Amino acid sequence: MSGIERVKSISASYPGAAASSTWRGLAMGRTGGDLAIAVLLGLGALATLLFGEAYWLLGSQVAITMIFALSVDLLVGFAGIVTLGHAVFFGLGAYTVGIASAHLGWTEPLSGLLLAGVVAALLGAVTGVLVLRTRGLGQLMLTMAFASLVYEIANRAKPVTGGADGLQGMVIAPILGLFEFDIFGLTAFLYTLAVLVAVVGLAVLMTRSPYGRSLVGIRENRVRMQAIGTNVQHRLLSIYVMSAALAGIAGALLAQTSQFVGLNVLHFSLSGEILIIVALGGAGRLWGALLGALVFTLFKDRLSALDPAYWYFWLGLLLAVIVLFAPKGLIGLVDRLLSILHRKESL
Amino acid sequence: MITAALTILFHGLAFAMVLYIVSVGLGITMGLMNFANLAHGAFAAAGGYVVVVATRSLGLPFWVALPAAFVVVALAGAVVERLVVRTLYGADELRQVLFSIALLFMAIAGFTAAFGPLQQQPEIPAALSGQIALGDVEFPSYRAFVIAAGVAILAALWLLIGRTRIGMRIRAAVDNRNMAEAIGVDTRTLFTLTFALGTGIAGLGGGIGADILSITPTYGQEYLVLFLIVVAVGGLGSIFGPFLAALCIGVVDVAGKYLLPEFGAFFIYGVVIAILLAKPAGLFGVRS
Amino acid sequence: MTAAILETHALHKSFGALTVAQNINFSLEPGTFEALIGPNGAGKSTFVNLLTGLIPPTSGSVILDGQDVTALSIESRVKRGMVRTFQINTLFNSLTVAENVILALDEHHGQGWRPLPSPSRRRIIREEAYEILGRLGLDAWGNREVKELPYGRQRLVEIAIALALRPKVLLLDEPAAGIPSTETGTIIEVLESLASDLAVLIIEHDMDLVFRFAQRITVLVQGAVLARGTPDEIANNDTVKAVYLGEGIHA
Amino acid sequence: MSLRSLMLGTAMATAAILPLADGAAAKAYKVGLVVSLSGPTASLGQQIERGAKLYQSLHKNGLGDDTVELIVRDDTGPAPDVAKRLAQELVVRDKVDVLAGIIFTPNANAIAPIATQAKVPFVIMNAASWATTKASPYIVRVSQTLPQITVPLAQWAAKQPDIKSVYTLVSDYAPGIEAEEAFASGLKEAGKTVTASVRVPVQSPDFVPFLQKVKDAKPDALYVFLPGGTQSTALMKAYQSLGLKEAGVRLIGSGEVAVEDELPNMGDAALGVVTGFHYSTSHDSKLNADFVKAWQAAYGADSVPTFMGVGGYDGMAAIHGAIKALKGKFTGEAAVEAMRHWSAESPRGPIAIDPDTRDIVQNIYIRRVEKVDGALRNVEFETFAAVKDPGKAAK
Amino acid sequence: MPDDLSLHKIRAGYGATVVLEDLSFDLAAGSKLSIIGRNGVGKTTLLATIMGLTRLHAGRIGLGDLDVGALRPNRRAKAGFGFVPQQREIFPSLTVEENLLVGLRPGAWTLARVYDLFPRLRERRANMGNQLSGGEQQMLAFGRALLTNPRVLLLDEPFEGLAPVIVEQLFQALLRLRDEDQLSIIMVEQHAKLALAFAPRTMVMSRGRIAFDGDSGTLIDDPARLDALCGIGGGLH
């Protein structure tokens, strides 16, 4: 291998290497940053529950965004698959419970969630086979094109989806027949929080499992994984399907808690936004995705209240600052902060 | 019927040329520098605003406003490249996406603050505001000018990239950056120039195409998908690829909507999926 | 002599007019240690890539343990016992040394699909991983991230991963490349300790290593087998000497 | 649900400890204004916000010591779930007394149940689907309904001897379809029918393919409904590019097609376009002249109020009217009751709320785009007085 | 004559990996040097390090009075290094002539001179870079480096993978260059015989260090030593 070729192969592996360097170890909570964020989020949820009556709704929004971000992080951060069309699964989940309720009278929320996950997973399996045949920009564009196609279908299939007017007549029964969705959003908050805890719990367990480890292996070094006998394509498809199902569940939660579905849940800008959230938090670290979802949603809410006309300027500024000064995202920032604290303590 | 077909073809071409002029620079910067610039459309919008201000507020002729749009936007591009983009070459794609989206957000807010949320229309010279007859069919002169401009820019880029020393260097750097460095090509300066060129052409496209893709603050966001599609289908780092892709998409879209209006944008996405599955690196991709 | 564990029949690969492997006939018996040498660009890596399935041959076949594997994927060849190491480190750099080996053990035991952790199973696999690391003198490094290890140790992790897959045939691609001579000792010890029922094919430029271990040497030049024989035969082969020292070219 | 009452109890107890501000002497009312301020439709939200704020600043002292605070939220466009959450938060977090605003009908439909549950009046300043007021008894609409503006135009068109065949082109969403149906029914009453119709995507960058189809059919007139903004200009450009006017196809439509802030972008292509609408910036009245003057004093000479701006302005007038009428005894039900009987002289002409439908009753004007003093204006030439929503009358 | 190129205590490699360790040598202006050694001992890395394509951990690289160690590759090329890489690295989307001209700097070497040296290139001037045979590519890589009019020409295994008749032809051209031009040349080569015949001074590398640096004649006269240093028989001793 000539010098130049060698340099090239090293620099070619660089983007992946950069992504993987944000990944520290497999086990969640191994680093202080993960633990700190977990504790912080737990306390935040508790405080919101007890004292933040006015923020229950926003809380459920945050929880839903977290689940969605988690699903994208599993793809982008873990398996190294890029997507600019993940809203398709989110939206499909939302429309699944919406259509099931409005047209079929299936208003039970928990089974609706399951149904949404399954439907999204099915679409994930079909498109995943095709999307995973490509990589890089081609892959990005394919995910986007598929998502746009589904958006168009939903737009056109007016009798089923309500088209641009949104789906009318959707009703969601009380959870377990007991807890009705109220205007204060307490039910929605607790419900989404419960689903979030379950999803995060499963995700943490999964990342500690042989399966999760093999995904990290694929992202870090695809060829090497093949060389230890892994069918990389199958493994990637499986995570694609799983990520689709999770996104579908997140979308279903949004539809159930807001009791409304509009075309915007399928829109390209949502796909872009969720990718931004994952990058903001720090890709490849589950707790980073959660932190990104929290910070982004809160900032958006506060900024758009403070400056309804120009809030996206401040949001842009925040993102730019993060890119320039926190290359590993918010969680990288937390890590750095903790290590500084740690150093001071040991002095 | 033939008249209708000609008209559809003509307008499809005009639409395609706007897509091409705006997108071609994006393809070059992505192909050469591996930088995913999702804010590219904001540079195009900036060019549109330059033309608006020049023709409406400053009363400059259209023919002065267009080069001005190129120069101003190219300078802006060069500044952004020097200050930030440069530090993100070779960085994680997610950071590039994050940064360019941040830039896009700030640009949208900036445009809204400066020009308001309404669309802005450049003053078009009288010579281009009439109709021209091709056979017994009449076409708006301005759109004929757009088509001519698209072809002219293709030709100019082809000459620049294919026939000049700087173009030679750009091609060399796309092929093999390290080797280009090793024979003395200053790829860093070359990157700045290329970035400026790419954004400058986008600015020109924003100005020329304002009649078809109207200049609003959210321009860069609304049409982003179209620009990305043109680049991905055309292939990164190519000049002809995006031209072909834009033609394909422009004509298919317009013809599709004419023949089967109820199918809307199905055709575009169908074509994109088919092409990308067959050629993941695009029609003329240097790399994927 | 026992039946070959790995054979190729007229294995041929060309890209257009460029031939990179010319009808290579090759066989490897269990328990033997064979070296593959040749100048740069001779097609050694191509040959390994053909064996492992990274690139498909234009014609010819690869027989592994009596079974034609020519059409099989990389991973199914690995599952059937053909394992390779890489010339340039291709480890999982942000994982710990033990995790690198565990990753391979999981795949070998068919655990790669297990979506939930199982602590008891984990312990068994961990013990197995440390047993392998112990053989390579790496057990003290188990909890360190691979990228913290000196290069020489990283090369050993490369071998540890391969051993975790319980290979029948082990293809070692320049295991000593890039290691300072002071550190080759460990590699030598490891190679000496490899099980005697294993068939090893080593690509190596370090002639010390090659002549120390190889029972047979195959010399590849321009994609074709130039010579094959015992180390003595090869060392005294004039054609081979010419290739290595550039004899026959008139200045 | 017990858990919720516990939470609410905690919250209320906290609130009870806090001293009540100023007692009953002066009340600070809060109005939550939900409009679209970012994205492609930002200009529409800006009009409503400006209209509402203009009314506030011109009538600062109209309520004595009482004050009205506007809390503005951006629903980012047609995004019902966002709008719904914002409304919910305005009610729960900011404790607004009135919800207002809303450009897009889906957003209004999503908010309606919130208004009902929270017993908060919901003043619609644009969303124009006729049925929207039925979604909640707390809705009062001060803008317009699609049948209300469309049927008079259809009746006018039916009377024109040179319009024998009409093609309709509408945006493919509920308001568009409503407009299409209302126009057809209006025409039908006069014994004429629509020859052909096409529905186009809500966001269409280019209308050429659709208009070429229209041109192929050679109708006498083309009726258009679009959500306004850049869409109308794009349509006008295609209308001109394809030479439809020269081909003898007259362009008629609802007022959004020739909305005043886009007229300068359309240029002479818009000349002669006939529209039916409730407000024109050049409506000839002293009140309107003062209104436009005040507007331009506040927002600059480049800014012109459109029907959206007037919607925001009149909506605030209705809210102020209700506060005044209730004299401190403001409740949601009472406010809706007060607004049901509200009437006023608006920049658009005389307006009133129909007590039966809580929808607006107003004059609909037929206007033609003409050049006045070098600028394009919608010049009114026929008036249909005190039009009630025909949509509800028909059903 | 003053030293043209001087390397002092070089420590370099790829990323964190160190390939070259404590390596120093000087080269007088206009002189020729061959570097031989077995595969993987760092010969290519040495040239890449001089060009600035690796990471220099420590040490000084001087060209005349100029310290080039911190310069980017293009500055080094401008300072006077011409590089012919092992894989030729022809630009595929440039024509032969464009490949030659893309790095052109004024000096003694002109397009016409290169065409005189390699008439084959003149015949193929309009072909694209990726349409050439291996030998033609090698000529092109030579010509491209010469047209940058360097003070020091770095050749990395110029004969690798070429048919003997092409090697012969190229070697003759190289000898012409050696005898007629005032250029300093460093040639890394696996064919020991060729290398020794080319330059009066030869360096043998082993595991990132210099194992021998001296008169080429010494090794020509002592085949056993040559064999021990870089031959196949090394393992037997």
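In the text below, chain A, chain B and the rest are named by the order of the sequence lines, each starting its count at 1. Remember, predicted model here, so these are calculated numbers, not experimental data.
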Partner residues of B:Pro242 under the side-chain contact (heavy atoms from CB on, under 4.5 Å) criterion, sequence neighbours left out:
B:Tyr20, B:Val230, B:Ser238

Would you call the rings of B:Tyr49 and B:Phe111 parallel, tilted or perpendicular, taking 30° and 60° as the class edges?
tilted

Go through B:Val97, B:Leu88, B:Thr112, B:Val272 and name the one with the most non-hydrogen pairs under 4.5 angstrom from chain A.
B:Thr112

Side chain, backbone, both or neither: which part of B:Val84 has a non-hydrogen atom closer than 4.5 Å to chain A?
side chain

Positions in residues 291-313 of chain A that reach chain B, provided some heavy atom is under 4.5 Å away
A:Tyr310, A:Tyr312, A:Phe313

Segment of B:Ile229 engaging chain A (4.5 angstrom heavy-atom cut-off):
both

Residue, of A:Leu319, A:Val323, A:Leu130, that accumulates the most heavy atom pairs under 4.5 Å with chain B:
A:Val323

Check for a donor-acceptor pair, side chain of B:Thr192 on one end and backbone N or O of B:Ala78 on the other, with a separation under 3.5 Å.
no

Looking at A:Val278, A:Val334, A:Ile331, which one forms a side chain to side chain contact (heavy atoms under 4.5 Å, CB included) with A:Arg285?
A:Ile331

Toward chain B, the part of A:Ile153 with a non-hydrogen atom under 4.5 Å:
both

Any donor-acceptor pair under 3.5 Å linking the side chain of B:Thr87 with the backbone of B:Leu83?
no

Does A:Gln139 have any side-chain contact (heavy atoms from CB on, under 4.5 Å) partners at least two apart in sequence or in another chain, and if so, which?
A:Ile81, A:Val82, A:Val131, A:Leu132, A:Thr134

Mind checking whether A:Phe146 and A:Leu123 have side chains closer than 4.5 Å, heavy atoms only?
no

Please report the C-alpha distance between B:Phe195 and B:Phe191 in whole Å, then the side-chain angles of each, then the deciding distance to 0.1 Å, and finally whether the ring-ring contact (aromatic ring centres under 6.0 Å, His included) criterion is met.
CA-CA 6 Å; B:Phe195 196 87; B:Phe191 279 17; 9.9 Å; no

For B:Arg171, which residues count as a salt bridge (charged side-chain N to carboxylate O under 4.0 Å, His left out) partner, sequence neighbours excluded?
E:Glu98

What part of A:Val76 gets within 4.5 angstrom of chain B, counting heavy atoms only: side chain, backbone, both, or neither?
side chain

Between B:Leu103, B:Leu75, B:Thr199, which is the residue that forms a side chain to side chain contact (heavy atoms under 4.5 Å, CB included) with B:Val80?
B:Leu103

Contact origin within B:Leu224 toward chain A - heavy atom pairs under 4.5 Å
side chain

Most heavy-atom pairs under 4.5 Å with chain A, out of B:Arg177, B:Arg95, B:Gln221, belong to B:Arg95

Given side chains that start at C-beta, do those of A:Val72 and A:Phe90 come closer than 4.5 Å, heavy atoms only?
no

Measure B:Ala36 against the heavy atoms of chain A and call it side chain, backbone, both or neither at under 4.5 Å.
neither

Side chain / backbone / both / neither for A:Met144 at chain B, heavy atoms under 4.5 Å
side chain

